Student: 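Just passing along the structure, written as structure tokens.
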Amino acid sequence: QVQLVESGGGLVQPGGSLRLSCAASGSLFSSYHVGWYRQAPGKQRELVAVILSVGTTTYADSVKGRFTISRDNAKTMVYLQMNSLKAEDTAVYYCNAYSYILGAGKVDYWGQGTQVTVSS
């Protein structure tokens, strides 16, 4: 199946940038859609960005214009470029690969998460 490992998190000042990476292993990665989620303490998990298998992207209003999701299927990698970071972006970020399988419904896989802290 698909295994995911996030990296690239850390401490960054407000207004700074980080690039998160999601390394995928397993067959048929290119056929999966991938979403980046985040969860801050005491808050619900939030969908941040999605990139479909065909390359179409969608963003939450809160990050639109600041974050960019991309994928490199040859390297089986998905990235989240985060610019103009704000304190409210602080959260654990997770990548999620999912697909709708005929006869099985939705299947998805999660990484372990990477911490992003935006603070002075």
Side-chain angles (χ1 to χ4, degrees):
Q1 313 319 101
V2 177
Q3 295 180 343
L4 306 171
V5 179
E6 301 95 334
S7 63
L11 176 64
V12 64
Q13 295 182 347
S17 298
L18 280 176
R19 188 182 75 161
L20 304 184
S21 298
C22 177
S25 62
S27 61
L28 303 177
F29 171 73
S30 63
S31 69
Y32 281 79
H33 315 304
V34 178
W36 280 99
Y37 290 79
R38 66 187 182 187
Q39 188 164 26
K43 294 186 177 180
Q44 301 269 25
R45 185 184 65 186
E46 175 189 18
L47 178 62
V48 175
V50 171
I51 185 164
L52 302 183
S53 61
V54 297
T56 305
T57 59
T58 305
Y59 300 91
D61 288 341
S62 59
V63 307
K64 196 171 298 180
R66 300 188 297 120
F67 290 12
T68 303
I69 187 171
S70 62
R71 68 191 298 165
D72 185 339
N73 288 334
K75 296 181 178 179
T76 63
M77 296 284 289
V78 176
Y79 306 98
L80 184 68
Q81 178 66 46
M82 306 185 295
N83 299 324
S84 302
L85 284 162
K86 307 173 181 179
E88 47 263 49
D89 296 319
T90 296
V92 177
Y93 284 71
Y94 301 89
C95 62
N96 169 252
Y98 67 98
S99 183
Y100 295 92
I101 307 299
L102 184 63
K106 185 180 180 180
V107 297
D108 66 327
Y109 305 90
W110 291 90
Q112 80 293 155
T114 185
Q115 176 71 50
V116 172
T117 302
V118 184
S119 177
S120 298

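Please read all numbers here as calculations on a predicted model, not as lab measurements.
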Student: Determine the interplanar angle of the Tyr32 and Tyr109 rings, folded into 0 to 90°, and report it as parallel if under 30°, tilted if 30 to 60°, perpendicular if over 60°.
Tutor: perpendicular
Student: Got more than 12 heavy atoms from elsewhere within 6.0 Å of NZ, Lys43?
Tutor: no
Student: With ring-ring contact (aromatic ring centres under 6.0 Å, His included) as the test, pick out the partner of Tyr37 among Trp110, Tyr98, Tyr94, Tyr93.
Tutor: Trp110
Student: Would Leu18 and Leu11 show up in the same hydrophobic cluster when neighbours are defined by side-chain heavy atoms closer than 4.5 Å?
Tutor: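 No, Leu18 and Leu11 fall in different hydrophobic clusters.
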Student: What disulfide bond (SG atoms under 2.5 Å apart) pairs are there with at least one residue in residues 23-63, not counting sequence neighbours?
Tutor: none
Student: Can you give the donor-acceptor pairs under 3.5 Å from side chains of residues 51-61 to other protein atoms, not counting sequence neighbours?
Tutor:
unit_1, atom_1, unit_2, atom_2, d
Tyr59, OH, Ile69, N, 2.9
Asp61, OD1, Lys64, NZ, 3.0

Student: Where do Val5 and Gln112 come nearest, in terms of heavy atoms and distance?
Tutor: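 Taking every non-hydrogen atom into account, CA-NE2, 3.5 Å.
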Student: List, one per line, each side-chain donor-acceptor pair under 3.5 Å for residues 79-88, sequence neighbours excluded.
Tutor:
unit_1, atom_1, unit_2, atom_2, d
Gln81, NE2, Asn83, OD1, 3.0
Asn83, OD1, Ser17, OG, 2.9

Student: With a cut-off of under 6.0 Å to the ring centre and 45° to the axis, is Arg71 in cation-pi contact with Phe29?
Tutor: yes
Student: Rounded to the nearest 0.5 Å, what separation is found between the CH2 atom of Trp36 and the CG atom of Leu47?
Tutor: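 It is 12.5 Å, given to the nearest 0.5 Å.
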Student: Which pair of heavy atoms, one from Gln115 and one from Ala91, lies closest together, and at what distance?
Tutor: NE2-O, 3.4 Å
Student: Taking all atoms of both residues into account, what is the closest heavy-atom pair of Asn96 and Asp108, and its distance?
Tutor: ND2-OD2, 3.2 Å
Student: Indicate, with yes or no, if Leu4 and Val34 share a hydrophobic cluster defined by side-chain heavy-atom contacts under 4.5 Å among Ile, Leu, Val, Met, Phe, Trp and Tyr.
Tutor: no
Student: Between CG of Asp72 and OG of Ser21, what distance do you get to the nearest 0.5 Å?
Tutor: 10.5 Å
Student: Do Val116 and Phe67 sit in one hydrophobic cluster, given that two such residues count as connected whenever their side-chain heavy atoms are within less than 4.5 Å of each other, even indirectly?
Tutor: yes
Student: Any sub-3.5 Å donor-acceptor pair from Thr90's side-chain atoms to Val118's backbone N or O?
Tutor: yes
Student: If you round to the nearest 0.5 Å, how far is CD of Gln1 from OG of Ser25?
Tutor: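 Ser25 OG to Gln1 CD: 10.5 Å, rounded to 0.5 Å.
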Student: Could you check whether any side-chain N or O of Glu6 sits under 3.5 Å from a backbone N or O of Gly113, counting only pairs where one atom can act as donor and the other as acceptor?
Tutor: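 At least one qualifying donor-acceptor pair exists.
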Student: Heavy atoms only: give me the nearest Ala24-Val2 pair and the separation to one decimal.
Tutor: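 Looks like CB-CG1, 4.5 Å.
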Student: Indicate if Leu20 and Val12 have the same hydrophobic cluster label, given that clusters are the connected sets of ILVMFWY residues with side-chain heavy-atom separations under 4.5 angstrom.
Tutor: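 In one cluster with Leu20: Val12, yes.
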